[in-house]
Structures are given as C-alpha cells and as structure tokens.
Amino acid sequence: MPLTVYNTLTRRREPFVPRDPEHVRIYVCGPTVYDDAHIGNARPVVVFDLLVRFLRTLYPRVTYVRNITDVDDKINDRAAEEKITIRELTERTLARFQEDMAALNARPPDVEPRATEHISQMIGMTEELLGHGHAYVAEGHVLFHVPSLAQYGRLAGRDREEQLAGARVEVESYKRDPADFVLWKPSDANLPGWESPWGRGRPGWHIECSAMSREYLGSEFDIHGGGIDLAFPHHENEIAQSCSAEPGTEFARYWMHNGYLLSEGEKMAKSLGNFYTVRDLLCRHPGEALRLLLLSTHYRQPIDFTEDGLRRARRQLDRWRRTVAGAPPAGTPPPAVLEALGDDLNSPRAIAALHGLGGAELHAGLRMLGLLEVPHDEWFQGASETGPSDRAIDEQIAARAAARARRDFTAADSIRTQLAEAGVILEDTPAGTIWRRK
RNA sequence: GGCCGGGUGGCAGAGUGGUUAUGCAGAGGACUGCAAAUCCUUGUAGGUCGGUUCAAUUCCGACCCCGGCCUCCA
C-alpha cells in the first residue's frame with residue numbers, strides 16, 4: 001500500500017520514500033506544558049497518531065518522537081501567578097496532557113523528551129552554530145544570524161524582503177538583523193537557568209526541537225509534523241539551525257502540517273466563550289467521539305469544531321458499535337480504508353469507506369482509525385455520576401416487564417419515560433430489554 | 001500591505017472534465033402494544049462573473065467573502 005503525503009516544503013504531494021525502509025523516523029512538535037490542552041492542541045496529536053499507526057502497518061519499525069516543552073516564559077509566568085514551582089506546574093500539566101490524549105486513543109510516542117533534560121545538547125548545537133559562523137553572541141544572548149543561510153524562508157515560502165515588509169515587532173538593539181532569533185538567552189536569579197559558556201541562561205524555543213530530534217532520530221529523518229501555524233517561524237528556524245549546525249544535511253525530508261481549527265465558526269478565544277479544553281469536553285462527551293470528529297475532516301483542511309458535531313460523532317459511534325456487535329477485528333483493515341489513508345491520510349474518505357460494511361471487516365477498519373477501543377459495555381452502560389445505578393435500572397426494567405406482561409402499558413411507559421429522563425434509554429429486543437446511557 | 005488556505009445540497013464532508021460520494025438531519029414505508037434500534041425508498045449541491053472545451057463543481061483568469069501566518073499560539 002503506497003503512501004503519498006503533501007510536503008509543505010515542496011508544496012506538492014509526493015510519494016513517501018523513507019530514508020531507511022527498515023526504520024521510519026518521525027518528529028512532531030509537542031505541547032508547552034503550562035495549561036490544559038485545548039481542542040486545537042488535540043488535533044495534531046490525533047492526526048499524527050493516526051499517521052504513525054498507519055506507518056506501522058507499512059514498515060517494520062517506526063520511531064515517533066514528540067517533545068515536551070517544559071522551559072518557556074509562559075510557564076515561568078503561570079507558575080508565578082499560581083505561586084507554585086515551575087516543576088510542580090510542568091509535572092501536573094504534563095500528567096493531565098497525557099491523560100487527555102490517552103482518552104482520545106492517542107498512543108504515547110516512543111520518546112517524549114523534555115527540554116529541561118536536554119540542555120547540554122542544546123548548548124552543544126549552539127556552539128556548533130557559533131563555530132560555523134551562523135550565530136553570534138550579543139549582550140549575553142546567542143543569536144542565529146538569518147542572513148547567513150541563503151535558503152532561509154523556503155518552508156514558509158517567503159523571501160527576506162517579504163519578511164521585512166511584514167515586520168511589526170520592535171527589533172531588539174542587539175540583533176544584527178531583524179529576523180535573527182534567539183538560541184540562548186540570559187536568566188536572572190529568579191528564572192530557570194543553566195550554566196553555559198555564555199553565562200547562566202536558558203535556551204530559545206526553536207533550538208529545543210533541533211537538538212532533541214537529532215538526539216533521538218539523527219541529523220536526517222523522514223517526517224516532521226505540527227500545526228500549520230508552526231511552519232513559520234518555528235519550523236523555518238529549526239531547519240536553519242539543524243542544516244547550519246551540520247552543513248550538507250537535509251534535516252526532515254517531509255514536512256506535514258495540520259490545518260487550523262475554528263470553534264463554533266470563530267477563532268477559539270476565551271473571550272468569545274468558544275474555548276474548549278479537552279478536559280472540559282471529556283466531561284460531557286466520550287473521547288472517541290472527539291477523535292472521530294477530528295478525523296472527519298482532512299488534516300490539512302480547516303476544521304470548525306462544534307459541540308453539535310461532537311454529539312453527532314457520538315451517535316455514529318453508537319451505530320457502528322451496534323453493527324459490529326460481537327465481531328472481532330479482522331486481521332487486515334478493508335483495502336478501501338488503507339487506500340484512503342495512503343492518499344495523504346485521507347481519513348474522511350476512510351470513514352466513508354466504512355459505511356455499508358459490517359462485522360469483522362468494519363471492526364478492523366474502525367480499529368485502524370483508533371476507534372472502538374473502549375469496551376462496548378463501558379461505552380453504552382459506563383458509570384454515570386448523576387444517573388441511576390445499574391442495579392436500580394435492572395429493577396425498573398423488571399417492573400416494566402411485569403407491567404407489560406399484564407398489558408398495563410400506561411405503567412410500563414411511565415417507567416420508560418422516567419428512565420429516559422434520567423438518561424437511560426430502553427430497547428425491547430427479541431432477547432429481552434436492553435438499556436444504555438444517553 | 002506581503003504570504004498561505006478555504007468557499008460543495010438543511011448540516012457535516014470527499015472524490016471527480018461527462019456517469020451515485022458518504023454520513024447526519026428531513027420525508028415516506030417496514031418492524032413494534034407504543035417506542036427505541038434496525039432495514040427499505042427518497043428530495044435537495046459546488047461563492048460571483050468571464051474563458052477554454054462537444055461537455056466544468058472539477059482546468060484558466062478576475063472579483064467577492066471567510067480564515068490563518070507575518071509577534072516563542074497546534
């Protein structure tokens with residue numbers, strides 16, 4: 001099954017050819033752990049989880065690295081606000097992130113490196129850049145000198161003049177060029193810092209991904225992923241750093257970017273009341289519904305998240321579960337599903353291909369997409385904090401069965417209505433009455 | 001201002017130069033004590049204006065809208 005991917009670097013779809021067919025290597029930018037993941041953070045996690053699952057069906061070995069940014073000024077600010085240590089904040093946030101993503105059936109990456117545990121690698125790369133004349137020291141900072149690299153701007157598709165035309169930021173006086181960016185910056189006593197050849201300081205954001213991807217995947221690997229908003233400047237800067245630190249190397253061959261996410265038709269913002277954390281949504285909707293909704297739109301398309309869409313996704317999963325019944329997932333997913341995924345990860349087409357299937361084939365297709373991993377009993381009858389207990393429901397069903405037996409349908413319907421109001425739906429089948437939580 | 005996406009039937013969302021996307025919702029029917037679930041049938045499209053073509057939702061151009069990036073946001 002061939003895989004074609006859209007490569008942001010070339011702006012076209014290309015056949016995916018791994019550097020080493022025995023070992024595919026992929027890096028995706030992970031979260032800055034200062035606050036709970038919102039729905040927009042979840043999209044790349046789910047998209048690249050699916051990509052990695054698919055790659056694993058194609059290649060014998062896949063190494064998936066997703067970093068954790070645990071040194072960042074937003075983290076410093078938040079920790080100060082909450083009057084807790086940076087470590088407490090990052091540990092707590094990371095644990096919650098991992099729980100949330102697990103609820104979306106996103107498997108953990110093979111390596112989840114933390115920035116704070118790779119400072120020496122970042123210092124090392126910064127020294128290499130200085131040694132090659134791509135960086136300079138100014139007022140305690142180490143800066144990457146953008147004009148030193150002719151190809152800068154290739155990923156974002158913009159040249160130097162365009163960037164200058166758009167410059168809206170005040171340029172720090174120590175920068176030789178407005179586009180230069182920080183590799184290392186000084187920390188005062190109140191900020192996290194590490195000893196370095198340039199004094200006590202902390203790394204810039206971009207150097208983190210260059211250093212950690214090299215540590216675990218080597219100087220050249222296959223796929224680098226993230227949200228489209230990271231393409232510039234973050235990914236552009238990563239390329240600049242990595243290719244300059246080791247001249248002649250290619251860094252990532254394929255760049256894949258997921259599209260932006262809107263919420264209820266607008267950019268998600270706390271002030272608009274359309275800001276959803278994954279954690280919030282998981283209180284009201286199953287994680288698999290969120291996963292399905294995110295995969296219902298092609299990853300490069302903009303997606304308009306709505307809670308209504310989430311409800312529809314959940315009902316779709318209800319139906320599939322009934323159709324699958326007790327069928328085990330067959331060994332191989334349906335060819336149409338694999339074909340769609342091979343076509344630049346066309347998950348909406350893969351989902352469409354599932355309709356009309358049944359039994360083991362459908363089950364296998366859904367499992368390929370990372371759906372239906374939650375056991376059926378838990379899905380339909382899982383514990384509820386507000387509804388009646390399983391035992392109370394069984395008692396009511398027995399009472400209703402007795403009423404129906406004496407053809408007292410008024411009493412029977414009354415019981416059914418009461419349960420419905422409590423969020424429990426009854427279905428009479430030839431094998432007896434079954435129930436599920438709404 | 002520069003750059004990059006997108007505009008498809010009531011909604012969600014794909015492919016495609018000519019032939020059904022798919023799903024949801026709606027309508028009709030079957031089943032049911034009534035429901036629920038399931039099954040069957042079914043209507044409705046491709047921003048605007050031009051161009052190319054025997055034929056365009058699909059290619060080209062212009063324009064209009066929406067969104068993003070250009071500021072350490074996925």
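Side chains are part of it too, since the values below use all heavy atoms of this structure and drop only hydrogens, waters and symmetry mates. Model, not experiment: these values are computed from the prediction. Order of the sequence lines fixes the chain letters, A, B, ..., with proteins taken first and strands second; residue numbering starts at 1 for each chain.
- For the side chain to side chain donor-acceptor pair (under 3.5 Å) with N105(A), the qualifying choice from R367(A), R291(A), R53(A), E288(A) is E288(A), the only one to do so.
- Distance from the side chain of E427(A) is smallest for A37(B) among the nucleotides A37(B), A74(B), C34(B).
- There is a side-chain donor-acceptor pair under 3.5 Å between H285(A) and E307(A).
- Which of G33(B), G15(B), A74(B) sits closest to the side chain of R416(A) comes down to G33(B).
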Watson-Crick and G-U pairing of RNA chain B written in dot-bracket, each distance under 3.5 angstrom, with | for inter-strand partners: (((((((..(((.....[...))).(((((.......)))))....(((((..]....))))))))))))....
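- Of the candidate nucleotides C11(B), A14(B), C34(B), A14(B) has the atom lying nearest to any side-chain atom of Q301(A).
- OP1 or OP2 of G13(B) has at least one side-chain nitrogen or oxygen of T297(A) nearer than 4.0 Å.
- Rounded to the nearest Å, the gap between the P atom of U19(B) and that of G46(B) is 14 Å.
- No hydrogens or angles were tested; on distance alone, a donor-acceptor pair under 3.5 Å links the side chain of R404(A) to the base of G33(B).
- With W379(A) as the aromatic partner, R321(A) meets the cation-pi criteria of under 6.0 angstrom to the ring centre and within 45 degrees of the ring axis.
- Among the atoms of the strands shown, base atoms are found under 4.0 Å from some heavy atom of L261(A).
- Under the 4.5 Å side-chain criterion, counting only non-hydrogen atoms from C-beta, M368(A) is in contact with L341(A).
- Mapping T429(A) and Y6(A) onto RNA chain B by nearest heavy atom places Y6(A) closer to the 5' end of the strand.
- Of the residues in residues 105-124 of chain A, not one comes within less than 4.0 Å of RNA chain B through any heavy atom.
- For P302(A), whose side chain is taken as the heavy atoms from C-beta onward, the closest listed nucleotide among G33(B), A74(B), G5(B) is G5(B).
- Considering only side-chain atoms of H355(A), the nucleotide from C4(B), G23(B), G33(B) that sits closest is G23(B).
- If you check residues 313-321 of chain A against RNA chain B, the residues with a heavy atom closer than 4.0 Å are Q316(A), R319(A), listed by number.
- Ion pair R13(A)/D343(A) flagged as a salt bridge, since at least one NZ, NE, NH1 or NH2 atom sits closer than 4.0 Å to an Asp/Glu carboxylate oxygen.
- For A352(A), taking side-chain heavy atoms from C-beta onward, the closest of the listed nucleotides A74(B), G5(B), U22(B) is U22(B).
- What separates CZ of R437(A) from C1' of A36(B) is a distance of 17 Å, to the nearest Å.
- Looking only at atom types and distance, the side chain of D428(A) has a donor-acceptor partner in the side chain of T433(A) under 3.5 Å away.
- At a threshold of 4.0 angstrom between heavy atoms, the contacts of H298(A) are confined to the sugar-phosphate backbone, with no base atom among them.
- Picking from C11(B), A74(B), C34(B) the nucleotide with the shortest atom distance to the side chain of P44(A) gives A74(B).
- Along RNA chain B, the nucleotide nearest P203(A) and the nucleotide nearest S296(A) are compared for position; the residue whose nucleotide lies closer to the 5' end is S296(A).
- Using a 4.0 Å heavy-atom criterion, one finds that G40(A) contacts the bases of the nucleic acid, with or without backbone contacts as well.
- Side-chain to base pairing of D308(A) with C24(B): no donor and acceptor N or O lie closer than 3.5 Å to each other.
- At whole-Å resolution of the value, CG in L357(A) and P in U22(B) are 14 Å apart.
- Side chains of T63(A) and D110(A): a donor-acceptor N/O pair is absent below 3.5 angstrom, by distance only.
- Distance check on atom C1': C63(B) versus G7(B) gives 14 Å, rounded to whole Å.
- If you measure from atom CZ of R312(A) to atom C1' of U22(B), you get 14 Å, rounded to the nearest angstrom.
- Distance noted for atom C1' between C11(B) and C54(B): 37 Å (whole Å).
- The separation of A45(B) from U20(B), taken at their C1' atoms, amounts to 13 Å, rounded to a whole angstrom.
- With distances taken from any side-chain atom of R436(A) to the nucleotides G33(B), A37(B), A74(B), the minimum falls on A37(B).
- Under the 3.5 Å distance criterion, with hydrogens and angles disregarded, a donor-acceptor pair is assigned to the side chains of E14(A) and T10(A).
- Applying the 4.0 Å criterion to OP1 and OP2 of U38(B), one finds that R322(A) has a side-chain N or O inside that range.
- Side-chain contact check for H38(A) and N41(A): at least one donor-acceptor pair (N or O, by modelled atom type) lies under 3.5 Å.
- The existence of a salt bridge linking R200(A) and D188(A) is excluded, since no basic side-chain nitrogen approaches an acidic carboxylate oxygen closer than 4.0 Å.
- A stacking contact between Y260(A) and G68(B) is absent: the pair does not combine a ring-centre distance of less than 5.5 Å to the base's six-membered ring with planes differing by less than 30°.
- For the residue pair N346(A)/Y299(A), the side-chain donor-acceptor check at 3.5 Å is not satisfied.
- When the C1' atom is used for both G43(B) and U52(B), the distance is 34 Å, rounded to whole Å.
- Judged purely by distance below 3.5 Å, without hydrogens or angles, the side chains of Y27(A) and N67(A) pair a donor atom with an acceptor atom.
- A straight line from CG of D413(A) to C1' of A36(B) spans 12 Å, rounded to a whole angstrom.
- Protein atom CZ of R400(A) is 13 Å distant from nucleotide atom P of A35(B), rounded to whole Å.
- Judged by distance alone with a 3.5 Å cut-off, no donor-acceptor contact links the side chain of N346(A) to the base of G15(B).
- For the P atoms, the distance linking A36(B) with A30(B) amounts to 15 Å, nearest Å.
- Ring orientation note: the planes of F251(A) and W255(A) are tilted relative to one another, at an angle of 30° to 60°.
- Here the P atom of nucleotide G68(B) and the CD1 atom of I303(A) are 16 Å apart, to the nearest Å.
- Of the candidates A14(B), A74(B), C4(B), A74(B) carries the atom nearest the T32(A) side chain, counting heavy atoms from C-beta on.
- Residue-level contact check: L426(A) touches the bases, meaning some heavy atom is under 4.0 Å from a base atom.
- The separation between I351(A) atom CD1 and G15(B) atom C1' is 15 Å, rounded to whole Å.
- Considering only the side chain of L230(A), A74(B) comes nearest among A74(B), A37(B), C4(B).
- A ring-centre distance under 6.0 Å is found for H118(A) and Y216(A).
- Taking the six-membered ring where tryptophan is involved, the planes of F16(A) and Y254(A) are tilted, since the angle between them lies from 30° to 60°.
- Taking the six-membered ring for Trp and the full ring otherwise, H206(A) and H235(A) have centroids separated by 6.0 Å or more.
- Between A55(B) and U38(B), the distance separating the two C1' atoms is 43 Å to the nearest Å.
- Per the geometry, CZ belonging to R406(A) stands 15 Å off C1' belonging to G33(B), to the nearest Å.
- Look at the C1' atom in both U16(B) and G29(B): the space between them is 34 Å, to the nearest Å.
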